[in-house]
Amino acid sequence: MTVRVRFAPSPTGYLHVGAARAALYNYLFARQKGGKFLLRIEDTDLARSTDESTRSILEGLAWLGLHPDEEVVFQSSNAGKHRSAAHKLLAEGRAYRDFTPKAEPNDANVKDSIKDRARAAQGVKDMRANPFRELSADESEKRAAAGEPFAIRLKVPKSGATEFDDGVFGRQRREYADTEDLVLLRSDGHPLYNLAVVCDDIEMGITDVIRGQDHLTNTHKQILIYEALGVPPPHFAHLPLILAPGGKKLSKRIHGEIVSLTTYRDAGFLAAAFRNFLALMGWSAGEEKEIYSLDELIEKFSLAGVHRSSAIFNYEPNNPKRWTDDKAIWMNAEYIRTMPLAELLPLVKEELRSAKLWREEYEPDGRALTETVPSTADAGPDERPAGVALDLPEHGSYDWFVYTIDLIRQRFFTLKDFSGQGRAYFSEDFDFDPAAVEKNLKKFPELQQWLPELADRFESVFGEEWYNDLGERVNHPFTETNIEEFVKAFTEEKGTKLGVMMNGARTLLTGVAVGPSMLSVFEVMGLEKTIRRLKSQVAWN
RNA sequence: GACCGGUUCGUCUAGGGGUUAGGACACCGCCCUUUCACGGCGGCAACACGGGUUCAAAUCCCGUACCGGUUACCA
């Protein structure tokens, strides 16, 4: 039988990282088994469901690359079928009308009041105590016909137990006595979750239900419904929950946008990196490997490798450096510095574009950024693209762009860094990090004279261009080797350390204190910008 | 309260009767270096507790503690 799994979120907010992980596991499972991955939006809670939420879920899944194989199912459009299933069970005597007046929902703290009520009952509640359970069919019909409102409840047998083998948690058993006569249909005619899920899963031909552990006890109720309906239940597998630091459930109300998938997209995470991180939250292939491509995840994934214990999603709200799980941040950085440039470049392009830093010259006709480009990070000056080593006019070209990105990506954590920390590479309008100015400039006041002087020297040595008859440049090109020799001599002349000069220059050129080798920075900025920025007094004021 | 689960470094985890309990992130130190959040080397750091079973328990059994889930005419 072909495997068919589904991800079934309710559209009552953004896509939660835990839900995203459930979607991912479903997807991996389906792909590995050659099955289908389906999406069903459980929008039966009219009061809380929103279209915006549905869009956000769809967006999030698309970002992660989890595309459903069939048309999206909206649960609300199946309400009629759910209703008739309930009535069928009623007609067969497997369910009954409950004329108990509906209790008023006590607002915000429903969960707490339920818990309190249960605690007060001391756990000795008789689940079969409903007086309408044994009401005669005639009487029941009569009252219904008279217009008295009623809910339909499943008639759970008095003795026995539901059992199933969970793909993660193993054999599960629950006495009927512990399961109430659950409501299938509300008195206003709306089907309830457990009925809707079962009906839809049957209708969609779901073979394996992989979902959060919070549904583990629901499963027993659902099996009861399958049995009443006379349909064999699918396989079930429940996933451990993702907790916040301190061991509490990761929730929107308490933990805010940290739990939303879109937060990560918007913060400059790579989908591949976050997917990789998510896959490892609660699953392991049992090997010492951390970086997995999607294909590898599909190949290696197994329910047996899913843990039974919940994982903690670590983060520190007030620490900008650790605003989310540090392993997630590390993994994103790892992807940024090691992934093929052809995959990274288009993402950087998008980032620069949205920061208004993108220039069409970086991707001229016939040179798509998606074409395979070898990393030049370890290449010597002679092996680099021509446009890089020769300063203008190639400066700002495709080759310059590719080389620059490859250079600066080594120390970046997110795509945002390309437009933030890396802004000075693409724009004249960049800020100076006060800490960098303090540490690298103000601490050495002489630099205010020296650096502009260095600029003048640069100009006289590298500025004029002479060419021979063949059109080859014969004077000093502004390249690492030449710059190094020159700056060293200049530093010696001033009687200071090379580091002082270099770091001062770094701050003026890039606005920050960290980055690649300063020689590369000079080269990549080009002579013109280097001179202008070394002379600028903006940072000094 | 009841039912169901869980508990290996701070975090993610490997290991499922005999291991110096392994890796990764984070952290610390050293090296490289013009800086650095790159890289290299090294370090710190864990089997919740108590009983059993066994020659031998992180690993199997029981109990306790703690944590989580569920206990709706929410999903």
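Every chain is numbered from 1, with letters handed out A, B, ... down the list of sequences. Scope of the values below: all heavy atoms of this structure, side chains included, with no hydrogens, waters or symmetry mates.
- Considering only side-chain N and O atoms, A:T44 lies under 4.0 angstrom from the phosphate OP1 or OP2 of B:rA75.
- With contacts defined as side-chain heavy-atom distances shorter than 4.5 Å, the pair A:I152/A:V183 does not qualify.
- Contacts of A:P9 with the nucleic acid, taken as non-hydrogen atoms under 4.0 Å apart, are absent.
- Within 4.0 Å (heavy atoms only), A:Y193 reaches at least one base atom of the nucleic acid.
- Residues A:N440 and A:T507 bring a donor and an acceptor atom of their side chains to less than 3.5 Å of each other.
- Residue A:R506 is classed as a base contact, given a heavy-atom separation below 4.0 Å to a base.
- Contact annotation: A:R308 side-chain N/O to B:rG6 OP1/OP2 distance is under 4.0 Å.
- Note on A:D178: only backbone sugar-phosphate atoms sit closer than 4.0 angstrom, heavy atoms only; bases stay farther off.
- Between A:H220 and B:rU70 there is no side-chain N or O to OP1 or OP2 distance below 4.0 Å.
- If you check every strand for non-hydrogen atoms under 4.0 Å, A:N218 touches a base.
- Separating the C1' atom of B:rC60 from that of B:rU54 is a span of 10 Å, rounded to the nearest Å.
- Residue contacts shown for A:G247 are limited to sugar-phosphate atoms, with no base heavy atom under 4.0 Å away.
- With sequence neighbours excluded, the residues satisfying salt bridge (charged side-chain N to carboxylate O under 4.0 Å, His left out) with A:R337 are A:E334.
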- Assess whether side chain to side chain donor-acceptor pair (under 3.5 Å) is satisfied between A:D181 and A:Y96, documenting all intermediate values. CA-CA 9 Å; A:D181 283 347; A:Y96 61 92; 2.7 Å; yes
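- Looking at heavy-atom distances under 4.0 Å, A:K497 makes no contact with the nucleic acid at all.
- Using a 4.0 Å heavy-atom criterion, one finds that A:L184 contacts no nucleic acid atom at all.
- Straight-line distance between the P atoms of B:rA75 and B:rU71: roughly 12 Å, to the nearest whole Å.
- Within the 4.0 angstrom heavy-atom criterion, no nucleotide atom of any strand lies near A:P11.
- Taking a pair to require two hydrogen-bonding distances under 3.5 Å in either a Watson-Crick or a G-U wobble arrangement, B:rG1 pairs with B:rU71.
- Rounded to whole Å, atom C1' of B:rG5 lies 14 Å from atom NZ of A:K249.
- Taking only side-chain nitrogens and oxygens, A:S284 never comes nearer than 4.0 Å to OP1 or OP2 of B:rU13.
- One P atom belongs to B:rC28, the other to B:rG69, and the distance between them is 34 Å to the nearest Å.
- With hydrogens and angles ignored, a donor-acceptor pair closer than 3.5 Å exists between the side chain of A:S517 and the base of B:rU34.
- In this structure, the CG atom of A:L182 is 11 Å from the P atom of B:rU71, given to the nearest Å.
- Scanning for salt bridge (charged side-chain N to carboxylate O under 4.0 Å, His left out) contacts around A:R423 gives A:D429, with sequence neighbours left out.
- Using a 4.0 Å heavy-atom distance criterion, A:G282 is classed as a sugar-phosphate-only contact.
- On a pure distance criterion of 3.5 Å, a polar donor-acceptor pair joins the side chain of A:S187 and the base of B:rC73.
- Base pairing annotation: B:rU54 forms no Watson-Crick or G-U wobble pair, as no partner gives both donor-acceptor distances under 3.5 Å.
- Residue A:Q421 is in base contact, counting any heavy-atom pair closer than 4.0 Å across all strands shown.
- Listed by chain and number, the residues in a salt bridge (charged side-chain N to carboxylate O under 4.0 Å, His left out) with A:R21 amount to none (sequence neighbours excluded).
- In this structure, A:G246 and A:R173 both approach RNA chain B, and ranking their closest nucleotides by distance from the 5' end singles out A:R173.
- The listed nucleotides are B:rA37, B:rC74, B:rC12; the one nearest the side chain of A:I312 is B:rC12.
- The CG atom of A:L519 sits 9 Å away from the P atom of B:rU34 (whole-angstrom rounding).
- Residue A:A311 places its side chain closer to B:rU13 than to any other of B:rA72, B:rC38, B:rU13.
- Counting atom types as modelled, A:R48 pairs a side-chain N or O with a base atom of B:rC74 as donor and acceptor under 3.5 Å.
- Here B:rC27 sits opposite B:rG43 as a Watson-Crick or G-U wobble pair (both hydrogen-bonding atom distances under 3.5 Å).
- For A:N276, the side chain to side chain contact (heavy atoms under 4.5 Å, CB included) partners at least two apart in sequence or on another chain are A:L280, A:I291, A:Y292, A:M331, A:Y335.
- In this structure, of B:rG68, B:rU11, B:rG5, it is B:rU11 that holds the atom nearest to the side chain of A:N314.
- Aromatic rings of A:W330 and A:F269 (six-membered ring for Trp) have centroids beyond the 6.0 Å cut-off, not under it.
- Nucleic acid contact for A:Q172: sugar-phosphate only, since backbone atoms but no base atoms lie under 4.0 Å from a heavy atom of the residue.
- By the side chain to side chain contact (heavy atoms under 4.5 Å, CB included) test, A:N26 pairs with A:V5, A:F37, A:I210, sequence neighbours left out.
- In this structure, B:rA21 makes no Watson-Crick or G-U wobble pair, since no nucleotide meets both defining distances under 3.5 angstrom.
- With A:F7 as the aromatic partner, A:R40 does not meet the cation-pi criteria of under 6.0 angstrom to the ring centre and within 45 degrees of the ring axis.
- Side chains of A:Q172 and A:D166: a donor-acceptor N/O pair is absent below 3.5 angstrom, by distance only.
- Rounded to whole Å, the C1' atom of B:rG15 lies 13 Å from the corresponding atom of B:rA46.
- Backbone-only contact: A:M281 has heavy atoms under 4.0 Å from sugar-phosphate atoms and none from a base.
- A distance of about 9 Å separates the P atoms of B:rG39 and B:rC25, rounded to the whole Å.
- Listed pair A:R337 / B:rA37 fails the phosphate criterion, with no side-chain N or O lying under 4.0 Å from OP1 or OP2.
- The aromatic rings of A:Y226 and A:F236 stand perpendicular to each other, their planes meeting at an angle above 60°, with 30° marking the opposite boundary.
- B:rG16 and B:rA57 have their C1' atoms separated by 11 Å, given to the nearest Å.
- Across all strands shown, B:rU59 remains unpaired; no Watson-Crick or G-U wobble contact has both distances below 3.5 Å.
- Pair assignment for B:rA65: B:rU7, on the basis of Watson-Crick or G-U wobble contacts that are both within less than 3.5 Å.
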- Query: For every nucleotide of nucleotides 18-29 of chain B, 5' to 3': is a protein heavy atom under 4.0 Å from its base (B), only from its sugar-phosphate (S), or from neither (-)?
  - Reply: ----BBBSSS--
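- The partner of B:rC38, taking Watson-Crick or G-U wobble pairs whose two distances both stay under 3.5 Å, does not exist in any strand shown.
- Contact annotation for A:T179: no contact, since no heavy-atom pair falls under 4.0 Å across all strands.
- Using a 4.0 Å cut-off, no side-chain N or O of A:H215 falls inside it from OP1 or OP2 of B:rG69.
- The side chain of A:K248 lies closest to B:rC67 when the candidates are B:rC67, B:rU34, B:rC73.
- B:rG43 and B:rU64: their P atoms are spaced 42 Å apart (whole Å).
- Separating the C1' atom of B:rU13 from that of B:rG50 is a span of 27 Å, rounded to the nearest Å.
- Place A:M502 and A:F99 on RNA chain B by their nearest nucleotides, and A:M502 ends up nearer the 5' end.
- With hydrogens and angles ignored, no donor-acceptor pair closer than 3.5 Å exists between the side chain of A:D214 and the base of B:rA75.
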